[in-house]
Amino acid sequence: MDLAYTAAEEEFRARLRDWLADALPTLPPPPPAADWPARRAYDSDWQRRLYDAGYGNVHWDASPTLRLIFLEETEKAGAPYVGANFVGLLHAGPTIAAEGTPEQRERWLGPILRGEAIWCQGFSEPEAGSDLASLRTKAVRDGDAYVVTGQKIWTSHAEVADWCELLVRTDPGAPRHRGITWLAMPMDAPGVTVRPLRTLAGSAEFAEVFLDEVRVPAANRVGEENDGWRVTMVTLSYERGTAFAGEVVACRRTLAEVAALARANGRWDDPVLRRGLGRLHAEFTALWRLVQWNVSEAAATGGVPGTGGSVFKLRYSQARQELYDAAAEVLGPGALDLSLPWTRERLSSLSYTIAAGTSQIQRNILAERVLGLPKGR
């Protein structure tokens with residue numbers, strides 16, 4: 001497989017670099033990490049700037065390779081991350097672009113691209129996290145709407161979201177994977193209650209969401225009724241395949257900073273630490289190549305990442321945790337200081353072996369779909 005970039009792709013990279021060099025100095029200071037309403041405004045402003053410059057649609061109208069270049073260059077330049085736009089740009093938006101009707105794409109994609117609408121993800125439930133197919137939030141068809149009742153948890157950015165990509169059970173008598181439907185739910189609908197959840201680091205980027213007979217128009221269904229599991233696999237393919245690409249670049253930069261601090265404070269003299277940092281350098285280099293491979297495969301198969309996304313997500317989750325463990329070793333007592341970014345990132349990294357499908361789930365996917373092993377009973 002050819003992982004080299006074409007002349008047109010390199011021209012896109014150069015143009016993007018020039019624009020970033022001009023745009024980034026004009027940005028205001030970012031708001032505090034815990035102030036999500038302010039962060040929504042900041043992230044939406046950045047997305048609008050990207051849109052006005054012609055880069056707003058890169059997450060689904062551009063080729064997978066151009067998306068990768070965009071993520072690589074914005075991260076290298078220190079541009080704002082997608083932040084509150086994460087679910088809309090990297091999950092719901094690509095799913096709607098791939099599975100939605102022309103009317104749905106017209107209705108929802110433009111506001112996402114312009115930073116006008118924030119989405120959250122309503123997948124996990126208190127008893128349906130890793131085993132997502134066991135979800136119990138029910139939706140009953142009533143005329144031209146579904147009446148939804150249930151509870152979601154770990155709903156990313158729910159407290160500032162306008163829309164929710166919501167999984168519901170529409171046929172409780174069907175096999176678990178065949179009675180699920182994917183809905184777009186307005187977060188201001190009567191019956192929606194949001195309760196923010198705080199992380200170890202004190203932030204609240206996700207929440208519990210309680211649904212009490214919420215009416216969702218049937219026109220907001222993406223895909224057919226009871227075909228939501230297949231649509232969800234499209235969402236999760238993007239989440240596991242390319243959504244973390246920019247974070248690999250960020251981890252490689254952090255690794256270089258950790259090594260520089262180790263040289264400055266004397267920790268570099270520890271040969272065990274040096275070997276560990278060297279291995280992490282090799283890991284993240286290989287992970288970046290895997291991202292490129294996944295993107296090349298997606299480009300050849302219609303734009304949706306395949307099972308290579310599970311390979312990437314499985315190893316990246318662990319490597320990220322190991323990176324910030326190494327950072328803690330270099331920081332020494334400073335690793336207990338929550339005001340330090342590396343300390344907060346270390347706490348955040350603990351969630352990566354759970355988010356977007358646990359490591360155990362990724363191993364099952366690879367065992368069954370790649371190696372052809374039988375399913376457990």
Side-chain angles (χ1 to χ4, degrees), residues 36 40 43-44 47-48 50-51 56-62 64 67 71 81-124 132 135 137 139 146 148 152-168 180-189 192 194 205-207 209 211 214 216-224 227-246 298 303-305 309 355-357:
W36 273 104
R40 171 188 167 136
D43 296 337
S44 296
Q47 181 58 29
R48 181 68 201 209
L50 290 170
Y51 178 84
N57 65 347
V58 72
H59 294 290
W60 50 73
D61 281 348
R67 289 201 298 270
L71 292 169
Y81 188 50
V82 288
N85 291 303
F86 181 82
V87 174
L89 287 171
L90 304 183
H91 299 180
T95 303
I96 294 166
E99 297 291 332
T101 65
E103 294 77 15
Q104 289 172 338
R105 292 196 291 270
E106 177 69 22
R107 178 185 183 187
W108 287 314
L109 296 187
I112 292 173
L113 295 177
R114 293 189 294 269
E116 297 168 357
I118 301 299
W119 285 64
C120 62
Q121 186 180 81
F123 283 12
S124 296
L132 183 59
L135 66 90
T137 293
Y146 290 96
V148 181
K152 296 295 179 176
I153 199 167
W154 317 127
T155 307
S156 302
H157 308 313
E159 69 273 27
V160 295
D162 304 295
W163 292 90
C164 177
E165 53 170 353
L166 184 71
L167 290 188
V168 295
I180 294 171
T181 299
W182 200 105
L183 299 176
M185 181 184 71
M187 291 297 288
D188 61 356
V192 177
V194 177
E205 62 264 27
F206 43 60
V209 177
L211 308 169
V214 180
V216 179
N220 290 14
R221 185 188 69 227
V222 175
E224 297 300 319
D227 191 34
W229 187 255
R230 184 191 61 80
V231 178
T232 302
M233 291 303 100
V234 174
T235 304
L236 294 179
S237 292
Y238 281 107
E239 186 174 15
R240 296 164 184 167
T242 56
F244 292 118
V304 178

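Counting from 1, the numbers follow the sequence of the chain as shown. These numbers were taken from a predicted model, which means no experiment stands behind them.
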*Who passes ring pair (Phe, Tyr, Trp, His ring centres under 6.0 Å) against W36, sequence neighbours left out?*
H157
*Aromatic rings W163 and W108: how do their planes relate, parallel, tilted or perpendicular, breaks at 30° and 60°?*
perpendicular
*With sequence neighbours left out, write down each residue that passes salt bridge (Lys or Arg N to Asp or Glu O under 4.0 Å) with E159, or none if nothing qualifies.*
none
*asked:* Looking at every heavy atom in both V222 and V231, which two are closest together, and how far apart are they?
replied: O-CG2, 3.8 Å
*asked:* Run the salt bridge (charged side-chain N to carboxylate O under 4.0 Å, His left out) test on R230 and E224 for me, step by step, so that the C-alpha distance in whole Å, both residues' side-chain angles and the decisive distance to 0.1 Å come before the verdict.
replied: CA-CA 10 Å; R230 184 191 61 80; E224 297 300 319; over 6 Å; no
*Just one of F86, W119, W182 clears the ring pair (Phe, Tyr, Trp, His ring centres under 6.0 Å) bar with H91, so which one?*
F86
_Gap separating the CD1 atom of I112 from the CG atom of D162, nearest 0.5 angstrom_ = 10.0 Å
_Contacts of A139 that satisfy side-chain contact (heavy atoms from CB on, under 4.5 Å) - sequence neighbours left out_ = Y146, V148, V168, T170
_My understanding is that only residues two or more places apart in sequence, or in another chain, count here; which of them pass side-chain contact (heavy atoms from CB on, under 4.5 Å) with A97?_
W60, L109
*Return each pair, listed once, that meets salt bridge (charged side-chain N to carboxylate O under 4.0 Å, His left out) where at least one residue sits in residues 104-120; pairs must be two or more places apart or across chains.*
R48-E116, R114-E116
*Look at the side chain of K152 and the backbone N and O of Q121, then say whether any donor-acceptor pair between them is shorter than 3.5 Å.*
no
*If you take all heavy atoms of G56 and L113, which pair is closest and at what distance?*
O-CD2, 2.8 Å
*For Q47, what residues pass the side-chain contact (heavy atoms from CB on, under 4.5 Å) criterion, not counting sequence neighbours?*
L50, N85, L89
